[in-house]
Structure formats: C-alpha cells, structure tokens
Amino acid sequence: MELIRQVPELSAYLAADDVIDHGHPVVREAAARLRAGTSGAHEYARAAFGFVRDAIPHSYDTNDPRVTWRASDVIEQRTGICHAKAHALVALLRAGSVPAALCYQKLDVVHGLVAVRMPGGRTWHRQDPRGNKPGVDARFSLGAERLGVQPHPKSNEMDSPVLYAEPHPKVLRALRSARDRLSLRENLPASL
C-alpha cells in the first residue's frame, strides 16, 4: 500500500500542537533519556517505540479507567489506548527530529498507528505501539511491517493510506469527550 501524506510539507510531520506537545517538559525529559542510550536516529526511533509499546500499558489491557489523549499526559500517567499511545510516540519521535505521522486502520473500531520516516529517507514505515499481549506481537521495523493486527477485508476491515500530521478530528473528539475508558469504547469511531 502506498502511503499518502495529508499535508505535503514534511515540516508538518515535525510540528507540535496541543496534542502532540513535544515541547512539554515531560516529553522533552523522556526524549532526552531515550536519546542518551542511543546513537543515531534509527536507534532513537526504535527506543522510543519500545518505550511507548512496553512502558505505557494499553488501558484496556489493565482495566485502567483513565482516558489520556495529550502526549505529555500519556507519558506522565503511563496509560492510554492505541490512539493516545500513538500521540505519545509521535511526540517523542518529533522531539528527536524524526518525522512522524498518525495513521489508522479500520477494524471493529478505528485503530491508531504511527508512521515514521527516517531523516534523509524517502519511505514511511508504519509502526503499532499498542502494546503486545497474547495474539498481538508488534515490532519496530523499517522493512516488512510488524503491526499488531492485520485487517480482514472479508470483515470490512482495512488499512487507511493517509498519513495525518495531526490526530483525526473524530478520534480526538471521542478521546476528549470520554468520561472514562468504558464511555470511550462506546464513542470511538467505526470509520473515518
């Protein structure tokens, strides 16, 4: 599948906003810790992915009722659903000057992913920071995709080729308006 940038300018995939708040001290501190243990953009991107996938549990897996959506809150509170974790990973990557985009799959509900483009590279590589569990084994890869879930076209599931510089408004609206994880589940979009 050919990935398509929603915004042509690459600089949009390095920008900060109120969700991808990579200028926030919590994000900057986490990025500095990760950068200290790596050499180069590839190692940094792999470390950021591993941190978000493994050190920030998916709130459905832990039955955590909190709903996070801002990258700094996800990192500070150490919880979030796939979309929130994607926001955190994008913020960490951008804090390390690695272009990153948000992208989505349509499963039973919309699932959040991240696409990374290594500095100097021309190709985007999708990553799934959701968190592993039985039946889900996502890995960082700049080659063949190692996503946690593959869509089943017979079930009307599909990948979206669009790379978003900012979270999709439907996803962000669901996250911001949720009282808790259970109400969020009821309001996540089924499509974009």
Side-chain angles (χ1 to χ4, degrees), residues 13-38 44-105 107 109-116 126-133 136 138-140 147-149 163-189 192:
Y13 298 92
L14 289 166
D17 60 29
D18 65 328
V19 179
I20 311 299
D21 58 343
H22 63 73
H24 191 283
V26 168
V27 178
R28 303 298 297 171
E29 289 168 17
R33 282 193 309 274
L34 293 167
R35 197 173 13 261
T38 63
Y44 174 76
R46 180 181 300 277
F49 171 83
F51 170 74
V52 173
R53 183 193 63 190
D54 299 338
I56 301 172
H58 192 287
S59 58
Y60 283 18
D61 295 345
T62 60
N63 292 318
D64 191 323
R66 297 175 291 170
V67 176
T68 54
W69 51 269
R70 184 177 286 118
S72 58
D73 292 339
V74 175
I75 293 168
E76 186 172 53
Q77 296 179 37
R78 295 283 206 273
T79 190
I81 67 164
C82 60
H83 302 290
K85 292 178 62 143
H87 299 165
L89 179 55
V90 167
L92 287 170
L93 290 168
R94 291 179 183 182
S97 300
V98 176
L102 295 156
C103 47
Y104 303 94
Q105 294 176 313
L107 305 174
V109 294
V110 173
H111 175 59
L113 302 172
V114 171
V116 61
R126 293 189 313 161
Q127 313 297 326
D128 188 349
R130 182 224 179 273
N132 289 340
K133 65 178 189 170
V136 176
R139 308 274 174 160
F140 182 83
L147 305 178
V149 180
L163 301 173
Y164 293 88
E166 299 175 351
H168 192 282
K170 285 185 177 181
V171 170
L172 194 53
R173 188 170 30 257
L175 289 167
R176 283 182 166 164
S177 66
R179 296 179 316 276
D180 57 27
R181 181 182 47 82
L182 295 177
S183 69
L184 175 62
R185 177 68 178 170
E186 297 169 5
N187 293 310
L188 282 173
L192 299 177

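- Proximity of a side-chain donor or acceptor of N187 to a complementary backbone N or O of S183 within less than 3.5 Å is detected.
- Annotation: side chain of E29 is not in contact with side chain of I75 (no heavy-atom distance under 4.5 Å).
- Side-chain atoms of K85 come within 3.5 Å of backbone atoms of V52 as a donor-acceptor pair (strictly under, hydrogens ignored).
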* To do: Evaluate side chain to side chain contact (heavy atoms under 4.5 Å, CB included) for H87 paired with D73, printing each intermediate quantity in order.
  => CA-CA 10 Å; H87 299 165; D73 292 339; over 6 Å; no

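- For R94 (side chain) and Y13 (main-chain N/O), a donor-acceptor pair under 3.5 Å exists by modelled atom type.
- Separation of atoms CG (L102) and CD1 (I20) is listed at 5.0 Å; rounding is to 0.5 Å.
- Checking side-chain atoms of Y104 against main-chain N and O of H168 turns up a donor-acceptor pair under 3.5 Å.
- Listed here is the closest heavy atom pair of A48 and L93: CB-CD2, 4.2 Å.
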* Full working for side chain to side chain contact (heavy atoms under 4.5 Å, CB included) between L175 and V67 -> CA-CA 7 Å; L175 289 167; V67 176; 4.2 Å; yes

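- The shortest non-hydrogen separation linking G80 to A84 is CA-CB, 3.9 Å.
- Separation of atoms OG1 (T38) and CZ (R46) is listed at 11.5 Å; rounding is to 0.5 Å.
- Under the 4.0 Å criterion applied to side-chain N and carboxylate O atoms, D64 and R78 are not assigned as salt-bridge partners.
- The OH atom of Y44 sits 5.0 Å away from the CZ atom of R35 when rounded to the nearest 0.5 Å.
- Between V171 and P189, the closest side-chain pair of non-hydrogen atoms falls below 4.5 Å.
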* Begin with the C-alpha distance, continue with both residues' side-chain angles, and end with the deciding distance and a verdict on side chain to side chain contact (heavy atoms under 4.5 Å, CB included) for L192 and Y164. => CA-CA 12 Å; L192 299 177; Y164 293 88; 4.3 Å; yes

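- In this structure, R181 and N63 have side chains that are in contact, with non-hydrogen atoms separated by less than 4.5 Å.
- The line from NZ of K170 to CG of L188 is 12.0 Å long, rounded to the nearest 0.5 Å.
- L107 contributes atom CG, which lies 8.5 Å from atom SG of C82 (distance to the nearest 0.5 angstrom).
- With H22 contributing its side chain and V90 its backbone, the two residues share no donor-acceptor pair below 3.5 Å.
- Separation of atoms CG (L113) and CG (L163) is listed at 10.5 Å; rounding is to 0.5 Å.
- Nearest heavy-atom pair across A71 and V27 is C-CG2, 4.4 Å.
- Residues E166 and V19 have side chains not in contact (no heavy-atom distance under 4.5 Å, counting atoms from C-beta outward).
- Pairing each heavy atom of F140 with each of Q127, the nearest pair is CA-OE1, 3.3 Å.
- Every residue was checked against the ring-ring contact (aromatic ring centres under 6.0 Å, His included) condition with H111, not counting sequence neighbours, and none meets it.
- The side-chain heavy atoms of R66 and S59, taken from C-beta on, include no pair separated by under 4.5 Å.
- Side-chain N or O atoms of R53 include none that pairs as donor or acceptor with a backbone N or O of N132 at under 3.5 Å.
- Checking side-chain atoms of H83 against main-chain N and O of L172 turns up no donor-acceptor pair under 3.5 Å.
- Judged by distance alone, with hydrogens and angles left aside, the side-chain atoms of R126 form no donor-acceptor pair with the main-chain N or O of C103 at under 3.5 Å.
- A side-chain donor-acceptor contact under 3.5 Å links D128 to the backbone of G148.
- In terms of heavy-atom proximity, P99 sits nearest to S97 at CD-O, 3.7 Å.
- For the pair T68 (side chain) and T79 (backbone), a donor-acceptor distance under 3.5 Å is present.
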